[in-house]
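Below, each value reflects all heavy atoms present in this structure, side chains not excepted, and no hydrogens, waters or symmetry copies. Owing to the predicted nature of the structure, the values given are computational and were not obtained by experimental measurement.
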Amino acid sequence: MFKHEPVDLGYGDLDCETSNTGRKYISPTGKAYPSITTVLSLLSRDSIAAWRKRVGEEEANKISTRASTRGTAVHDLLEKYVNNDPDFDKGVMPHIKQSFYDVKHILDTRLNKVYAQEAPLYSDHLCLAGRVDCVGVWDGKNSIIDYKTSRKPKKKEWISSYFMQCCAYAIMWEERTGVPITQLVVVVAVDNDDAQVFVEHRDNWTDKLWDAINNYRREQIFGTLL
């Protein structure tokens, strides 16, 4: 059983708007902020476009749909398990269960306490918003925890956007609660392989996060960057 100490953010869920330019969340004061995933999507846009061209649109759509469906299912299962739901895996497909059980033992031994799951966050400082997978205590330290799925093992140099995303959540959390969090944890469930855990310090990623934010803002003003 996971120990929960819920933190009251002082507001409910955030309304969101999704369009062909990405997703925006509406803060309690009515400000529309882009999601952190929308901002960071610019970093992989060119490589994804090249991949889609290489494999073909039809195949790319199939792969993307499978990956998105699997990722959502694994996230939901992890969330239910951490919420101590006794029926967390009821009716779940075997391949989703396998991804979950690859991660389960890691959560059992390293996730010590839970402050929030799927919490809507925003920052007037960053002018960003998003929904964090988990905030809690990991290996004895307050942490931002993000779940990912992958067909193949990741190398650290491939997942800079993951750390920037967690960095943004850490800044949002501190702004909303007054509690600083510097440890970033990314847990990756890998198809037919061991799960991976990457741990980083927030301050190693703040400059890179600001670079990504500023690139996004310039593109919104001037159009696609060359």
Does some side-chain heavy atom of I144 sit less than 4.5 Å from a side-chain heavy atom of V132?
yes

Close side-chain approach of L184 and S143, heavy atoms under 4.5 Å
no

Mind checking the NE2-CG spacing from H95 to N192? Nearest 0.5 Å is all I need.
11.0 Å

In this structure, are over 12 heavy atoms from other groups packed under 6.0 Å from D203 atom CG?
yes

T37: partners by side-chain hydrogen bond (donor to acceptor under 3.5 Å, both in side chains), with sequence neighbours left out:
S35

What residues, two or more places apart in sequence or in another chain, satisfy ring-ring contact (aromatic ring centres under 6.0 Å, His included) together with H105?
none

Would T177 and L9 count as a side-chain contact (heavy atoms from CB on, under 4.5 Å) if you check the C-alpha gap in whole Å, the side-chain angles of each, and the deciding distance to 0.1 Å?
CA-CA 7 Å; T177 68; L9 296 173; 3.6 Å; yes

Ignoring hydrogens and angles, tell me if any N or O in the side chain of S123 forms a donor-acceptor pair with the backbone of L128 under 3.5 Å.
no

Got a sec, which residues hit salt bridge (charged side-chain N to carboxylate O under 4.0 Å, His left out) with E17, two or more places apart in sequence or on another chain?
none

Can you find a pair of side-chain heavy atoms, one from P28 and one from Y122, that are under 4.5 Å apart?
yes

If you round to the nearest 0.5 Å, how far is NZ of K208 from CD1 of I213?
14.0 Å

Residues at least two apart in sequence or cross-chain that pass side-chain hydrogen bond (donor to acceptor under 3.5 Å, both in side chains) with E79, listed by chain then number, are none

Report yes if the side chains of L209 and I171 come closer than 4.5 Å at any heavy-atom pair, otherwise no.
yes

Going by the rule ring-ring contact (aromatic ring centres under 6.0 Å, His included), which residues pair with Y25 if we only count those two or more places apart in sequence or in a different chain?
none

For K113, check salt bridge (charged side-chain N to carboxylate O under 4.0 Å, His left out) against everything at least two apart and list the hits.
E5

Taking every heavy atom of G10 against every heavy atom of D8, the minimum-distance pair comes out as N-OD1, 2.9 Å

Check whether Q196 reaches the backbone of P153 with its side chain - one donor and one acceptor, N or O, closer than 3.5 Å.
no

Remaining members of Y147's ILVMFWY cluster at a side-chain heavy-atom cut-off under 4.5 Å?
F2, V74, L77, L78, Y81, V82, F88, V92, M93, I96, F100, Y101, V103, I106, L107, L111, V114, W138, I145, V185, V187, V197, V199

Let me check something: do L42 and V39 share a hydrophobic cluster, defined by ILVMFWY side-chain heavy atoms less than 4.5 Å apart, either directly or through other members?
yes

Would you check if K152 and D191 make a side-chain contact, meaning some heavy-atom pair closer than 4.5 Å?
no

What residues, two or more places apart in sequence or in another chain, satisfy side-chain hydrogen bond (donor to acceptor under 3.5 Å, both in side chains) together with N204?
none

On a heavy-atom basis, the closest approach of P120 and G12 is CG-O, 3.9 Å

Applying side-chain hydrogen bond (donor to acceptor under 3.5 Å, both in side chains), can you list everything that pairs with R110, at least two apart in sequence or on another chain?
D139

Within the structure provided, determine whether L40 and Y216 are in side-chain contact (heavy-atom separation under 4.5 Å).
no

Give the intermediate values and the outcome of side-chain contact (heavy atoms from CB on, under 4.5 Å) for residues D133 and E118.
CA-CA 5 Å; D133 287 346; E118 289 296 314; 3.3 Å; yes

Check the pair E219, N215 against side-chain hydrogen bond (donor to acceptor under 3.5 Å, both in side chains), reporting the backbone distance first and the verdict last.
CA-CA 6 Å; E219 178 161 317; N215 283 337; over 6 Å; no

Distance, nearest 0.5 Å, that separates CE of M172 from CG of D124
11.0 Å

Indicate yes or no for a side-chain donor-acceptor contact from N112 to the backbone of G140 under 3.5 Å, with no hydrogens or angles considered.
yes

Grab the two heavy atoms, one from P34 and one from C127, that are nearest each other, plus how far apart they are.
CD-O, 3.4 Å

Please tell me if the side chains of C16 and R131 come closer than 4.5 Å, counting only heavy atoms from C-beta onward.
no

Residues in salt bridge (charged side-chain N to carboxylate O under 4.0 Å, His left out) contact with K97, at least two apart in sequence or another chain
none

NE2 on H201 to CD on Q183, rounded to 0.5 Å
8.5 Å

Could you go through V190 and D102, starting from their C-alpha distance and side-chain angles, then the distance that decides it, and tell me whether this counts as side-chain contact (heavy atoms from CB on, under 4.5 Å)?
CA-CA 8 Å; V190 183; D102 289 340; over 6 Å; no

Salt bridge (charged side-chain N to carboxylate O under 4.0 Å, His left out) with K24: which residues, sequence neighbours excluded?
none

Is any side-chain heavy atom of V135 closer than 4.5 Å to one of V7?
no

List, one per line, each side-chain donor-acceptor pair under 3.5 Å for residues 155-167, sequence neighbours excluded.
unit_1, atom_1, unit_2, atom_2, d
K156, NZ, E200, OE2, 2.4
Q165, OE1, K148, NZ, 2.9
Q165, NE2, Y169, OH, 3.0

